[in-house]
Structure formats: C-alpha cells, structure tokens
Amino acid sequence: MDTCTMKIEVTAFRNDNDNGLESISASIGVPIESNREVIRKMVDNQELTVHAVEALYNLVGRIRPDWLDDKDTRLKIETYVNGYKWLSCSGHVTMKPEGFIFDPLRAN
C-alpha cells in the first residue's frame, strides 16, 4: 500500500489594538493511503479539521491567552496532500478559557 501525507493547516486572524492584522497557525499531518477515494474521504473528515482547530486553540492558550475572550476569530483552513493544496475554506472559532466553538461554514 502506497501512502501519502495529508496536512491540515488552520490560521486564525484578528485585528490588534493598532488595527493591524495578527495571525497564528497550527497544523496536523497524518499518513493516509495514496488512493483518490481514500484521500477524498479523509479531506472531507471534519473530525480531523476539528483536531487541527483544537491544536490551534491549545497554542493560543499558551501564546496568546488574551484571545480566549469569547469573540469570533476568523479562520483560514487549508488541506494539503503531499504538499499540494487540495482544499481551502474559511470559518470562525470562538475561543474561551473553558473551550472553543468551531463553525466551518460561516464566510469571512
């Protein structure tokens, strides 16, 4: 069985106090079977995207805890297969100290 690597990269964007744009990114990578049908199923697997958002949330909690303020944060979600962009979409995440709410369907 041939394998390839699927990577989901999530970037959060916010305006800073000077109205400039700040961002922070996190990604997860998983080996998957190098089969077009398997790749499609894995790319459509929202659970993996939620894991990437969770990695971003954990990073924000350590690096930018002031972002855990219950405000919407814009997201860019990109999925790569063997380094090639397969899918790009937008979403929002609301982060608070006790957890996050992820909405991949709202447009920026």
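This is a predicted model, so every value here is computed, not measured.
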*If only atom types and distance count, is the side chain of Arg74 paired as donor or acceptor with the main-chain N or O of Ala12 below 3.5 Å?*
no

*Side chain of Asn82, backbone of Thr5: donor and acceptor closer than 3.5 Å?*
yes

*asked:* Which heavy atom of Ala26 sits nearest to which heavy atom of Ala55, and what is that distance?
replied: CB-C, 3.9 Å

*Heavy atoms only: give me the nearest Leu68-Gly61 pair and the separation to one decimal.*
CD1-CA, 3.9 Å

Taking the side chain as every heavy atom from C-beta outward, state whether [X] and [Y] have any pair of such atoms under 4.5 Å apart.
{"X": "Lys96", "Y": "Asp70", "answer": "yes"}
{"X": "Arg14", "Y": "Asp69", "answer": "yes"}
{"X": "Ile24", "Y": "Leu59", "answer": "yes"}
{"X": "Ser23", "Y": "Thr11", "answer": "yes"}
{"X": "Phe102", "Y": "Leu75", "answer": "yes"}
{"X": "Glu33", "Y": "Met42", "answer": "no"}
{"X": "Phe13", "Y": "Glu22", "answer": "no"}
{"X": "Cys4", "Y": "Ile39", "answer": "yes"}

*Walk me through it: do Thr73 and Met95 pass the test side-chain contact (heavy atoms from CB on, under 4.5 Å)?*
CA-CA 8 Å; Thr73 302; Met95 296 182 270; 3.7 Å; yes

Path from [X] to [Y] over hydrophobic side-chain contacts below 4.5 Å:
{"X": "Val81", "Y": "Ile77", "answer": "yes"}
{"X": "Val10", "Y": "Val30", "answer": "yes"}
{"X": "Tyr80", "Y": "Leu56", "answer": "no"}
{"X": "Val93", "Y": "Ile63", "answer": "yes"}

*Would you check, one step at a time, whether the test side-chain contact (heavy atoms from CB on, under 4.5 Å) holds for Leu21 with Asp16?*
CA-CA 6 Å; Leu21 194 60; Asp16 64 14; over 6 Å; no

Which distance, rounded to the nearest 0.5 Å, do you find between the [atom1] of [X] and the [atom2] of [Y]?
{"X": "Glu47", "Y": "Glu54", "atom1": "CD", "atom2": "CD", "answer": "10.5 Å"}
{"X": "Lys85", "Y": "Glu9", "atom1": "NZ", "atom2": "CD", "answer": "9.0 Å"}
{"X": "Lys76", "Y": "Ser88", "atom1": "NZ", "atom2": "OG", "answer": "6.5 Å"}
{"X": "Leu87", "Y": "Asp44", "atom1": "CG", "atom2": "CG", "answer": "7.5 Å"}

*Using side-chain hydrogen bond (donor to acceptor under 3.5 Å, both in side chains) as the criterion, list what pairs up with Asn45, not counting sequence neighbours.*
none

*Using the test ring pair (Phe, Tyr, Trp, His ring centres under 6.0 Å), find all partners of Phe100 that sit at least two apart in sequence or belong to another chain.*
Tyr57

_From CA spacing to verdict: side-chain contact (heavy atoms from CB on, under 4.5 Å), Lys7, Ile28_ = CA-CA 6 Å; Lys7 179 177 93 167; Ile28 62 169; over 6 Å; no

